[in-house]
Participant: 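My questions will all concern the structure given below.
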Amino acid sequence: MTSPIKSLTANVTLLETGAEVVCATFLGRTPAFACTDGTVMFSDIGEERRITVHPDAVTLCAQSDGKRLVSGGDDGRVVSVSQDGTTSELANEKGKWIDGLTLGRDGATAWSITKTVRSRDAKGEVKSREFTSSARGLCYITKGYRLAVTHYNGVSLWFPNMVGEPEQLKWAGSHLDLTASPDAKFVVSAMQENSLHGWRVADKKDMRMTGYPAKTRSFSWSHDGKWLATSGAEACVIWPFQTTDGPMGKPPRECGVRAARVSRVAFHPSALIVALGYDDGWVMLCRMTDGAEILVRSVSDPGADKKGRAISSLAWHPEGKRLVYGSEDGQAGILDLP
Amino acid sequence: MSDQVPVTVLTGYLGAGKTTLLNRILSEQHGQKFAVIVNEFGEIGIDNDLIVGADEEVFEMNNGCICCTVRGDLIRILEGLMKRRGKFDAIIVETTGLADPAPVAQTFFVDQDVQDRARLDAIVTVADAKWLSDRLKDAPEAKNQIAFADVIILNKTDLVTDGELREVEARIRGINPYAKLHRTTRCQVPLDAVLGRNAFDLDRILEIEPEFLNADDHDHDHHDHGHDHGHHHDHGHGLKAYHDEEMQSVSFRHDGDVDPNKFMPWINELVQREGPNILRSKGILSFKGENKRFVFQGVHMILDGDLQREWKPDEKRESKIVFIGRNLKENELREGFMGTAA
């Protein structure tokens with residue numbers, strides 16, 4: 001590295017959540033952390049509030065759209081939490097695990113229970129569909145009420161309000177997590193085989209993105225929709241999506257190269273800066289234009305020979321001045337940019 | 001290592017007594033808490049333990065291994081269970097009676113996230129003393145389960161005569177002479193016979209001698225292999241064993257070093273080509289110029305190997321490999337292995 005890493009560690013407010021953070025987010029201006037112990041912790045200025053969302057159960061997945069935080073537990077419940085801490089149960093699958101969960105921009109919520117996927121629109125009407133294998137990766141696609149669903153051998157594009165078979169995007173293998181470009185032109189899945197598979201939705205053209213040493217579990221699109229940041233390597237791998245061909249024939253960019261694996265990624269809401277969480281607990285900001293790096297959190301405890309646990313969630317406030325993170329060992333932080 | 005939760009895989013043909021063994025494990029006063037992954041919610045005592053339903057979703061990996069299948073549901077369930085970290089001590093996976101143990105085992109070799117959090121402890125197969133001989137004739141699944149096992153619970157021994165018991169044991173030994181075998185009624189075995197076996201821990205693969213229950217039958221003769229490069233085929237020796245036409249085990253020994261530059265390409269090519277037929281493999285090898293033992297194990301096409309402890313000064317440096325599989329070409333395997341001698 002040519003220049004010493006700049007540090008913003010002094011600008012971080014540290015918190016302990018007591019359990020693995022499944023989703024770190026902002027509800028309005030309030031940092032909120034959904035944890036595996038079934039609770040959500042709010043960090044208001046000067047005080048912490050904690051509510052129990054899944055009593056005696058484990059939070060398996062959680063997502064936030066900035067207005068609400070929705071979590072799915074191994075108690076089979078899908079619960080929506082608002083900024084003031086009020087909760088409402090969106091579904092109760094009676095003890096079955098909620099495997100996947102996603103939120104739509106217009107208040108829709110989708111979740112999966114092994115092969116069953118349900119989509120609930122903002123009015124509360126629920127539609128269900130069975131897939132042929134476990135369906136875990138869920139993502140609403142903009143323009144219309146359409147849900148992309150991963151399963152074995154591809155992705156289905158399902159219009160919950162339409163009868164008929166979903167459109168199929170086929171590729172052999174097991175597809176896990178999923179993202180769609182903001183303009184809805186591309187769908188990208190993370191596969192069991194440590195690679196990504198993308199499709200151009202218009203003509204179903206395949207795109208293979210390989211070379212990862214581990215599974216990609218975190219995606220983030222840049223604010224202009226032209227770049228896709230991904231986890232799963234010892235750097236953040238960023239694929240170019242400027243043209244209608246997507247990343248085909250173009251090498252990805254890399255930033256934040258370290259001797260630890262990137263576990264979470266989050267693009268800044270208005271600049272080409274990506275926040276990276278690593279599997280040793282480090283958090284950095286990287287500027288794509290010049291590769292400059294700023295340290296947010298480092299973990300070093302040489303006496304104890306202890307390595308930090310992976311960062312499990314990262315999120316920017318929509319104004320781009322604050323960042324929250326949480327880790328597998330219940331360490332969380334709020335960064336206030338100077 | 002200590003972070004990884006041990007996982008015991010419980011297999012056995014329909015009606016052999018898997019649920020009985022599971023209940024036995026769960027009801028014993030052992031102070032441990034288990035998470036149990038089952039396919040059919042049977043009559044299982046679950047007071048303190050966590051029980052999760054699975055649906056045996058087996059899929060192929062696109063990694064060039066044509067026989068490389070894994071359990072997708074298991075990957076998902078283990079990930080969810082690990083969010084309860086610290087709330088249980090071990091995981092037990094019960095498979096259906098018709099299941100092939102390979103996808104479960106391969107899941108632990110193929111998926112890094114699973115490997116980081118859990119380790120395969122052993123494959124335990126419950127067999128019905130009265131009916132196993134028949135099932136070995138008509139049910140390929142039953143044969144797979146015996147061939148794959150690290151531990152075999154030969155159950156319902158009270159329903160057969162001594163002669164019948166010896167015959168069914170001989171049939172088991174004809175397929176898999178390496179598993180620990182326990183004769184039981186109503187699956188009454190000490191828990192440590194089933195749990196905490198470390199059967200897949202390379203550091204614990206100390207011996208790969210056939211395991212015979214009856215010491216009187218244990219008529220080893222390791223002294224007559226001096227000629228012909230000293231290799232040796234152990235199959236069936238000293239034991240009344242029924243040769244199974246389809247599934248066998250073969251082992252070869254070389255009294256000395258092998259050349260790693262010959263051995264590694266040979267074994268890799270072999271499992272690529274014959275992987276679908278080779279269910280399990282193990283070896284302890286003396287590499288030329290290396291003062292540590294090389295130990296490997298494999299499931300079909302997947303191999304896992306490492307240098308282990310140093311050879312002891314008083315220990316005879318020798319190389320030995322074992323294959324359990326279907327229609328194994330013994331002569332070809334022997335020649336191939338002997339060709340890697342240093």
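So that the names make sense, note that chain A is the first sequence line, chain B the second, and so on, each numbered from 1.
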Participant: Find the one option among A/N194, A/L176, A/L60 whose heavy-atom pairs under 4.5 Å with chain B are most numerous.
Facilitator: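 The candidate making the most pairs under 4.5 Å is A/L60.
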
Participant: Based on non-hydrogen pairs under 4.5 Å, which of A/T36, A/N153, A/T114, A/D99 is most in contact with chain B?
Facilitator: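 Of the options given, most contacts go to A/D99.
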
Participant: Do you know which two heavy atoms are closest between A/Q192 and B/M61, and how far apart they sit?
Facilitator: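 Minimum heavy-atom separation between A/Q192 and B/M61: CG-SD, 3.4 Å.
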
Participant: Distance check, rounded to the nearest 0.5 Å: B/I75 atom CD1 versus A/R136 atom CZ?
Facilitator: 8.5 Å

Participant: With chain B, which of A/P213, A/G173, A/S133 has the greatest number of heavy-atom pairs at distances under 4.5 Å?
Facilitator: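 Looking at each option in turn, the highest pair count goes to A/S133.
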
Participant: Would you check if A/T59 and B/K83 make a side-chain contact, meaning some heavy-atom pair closer than 4.5 Å?
Facilitator: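 Not in contact.
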
Participant: Which bit of A/A214 comes within less than 4.5 Å of chain B, counting heavy atoms only: side chain, backbone, both or neither?
Facilitator: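 Neither part; nothing is under 4.5 Å.
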
Participant: If you tally heavy-atom pairs under 4.5 Å against chain A, which of B/E57, B/Q112, B/K87 wins?
Facilitator: B/E57

Participant: For the residue pair B/R84 and A/D56, what are the closest heavy atoms and their distance?
Facilitator: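 That would be NH2-O, 4.3 Å.
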
Participant: Assess whether atom CZ of B/R273 is packed by more than 12 heavy atoms of other residues, nucleotides or ligands within 6.0 Å.
Facilitator: yes

Participant: Looking at every heavy atom in both B/R76 and A/W97, which two are closest together, and how far apart are they?
Facilitator: O-CZ3, 4.4 Å

Participant: Keeping the roles fixed (side chain from A/Y152, backbone from B/V58), state whether a donor-acceptor pair exists under 3.5 Å.
Facilitator: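 Flag not set: sc A/Y152 to bb B/V58 has no pair under 3.5 Å.
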
Participant: Report which part of A/K96 has an atom under 4.5 Å of a heavy atom belonging to chain B: side chain, backbone, both, or neither.
Facilitator: neither

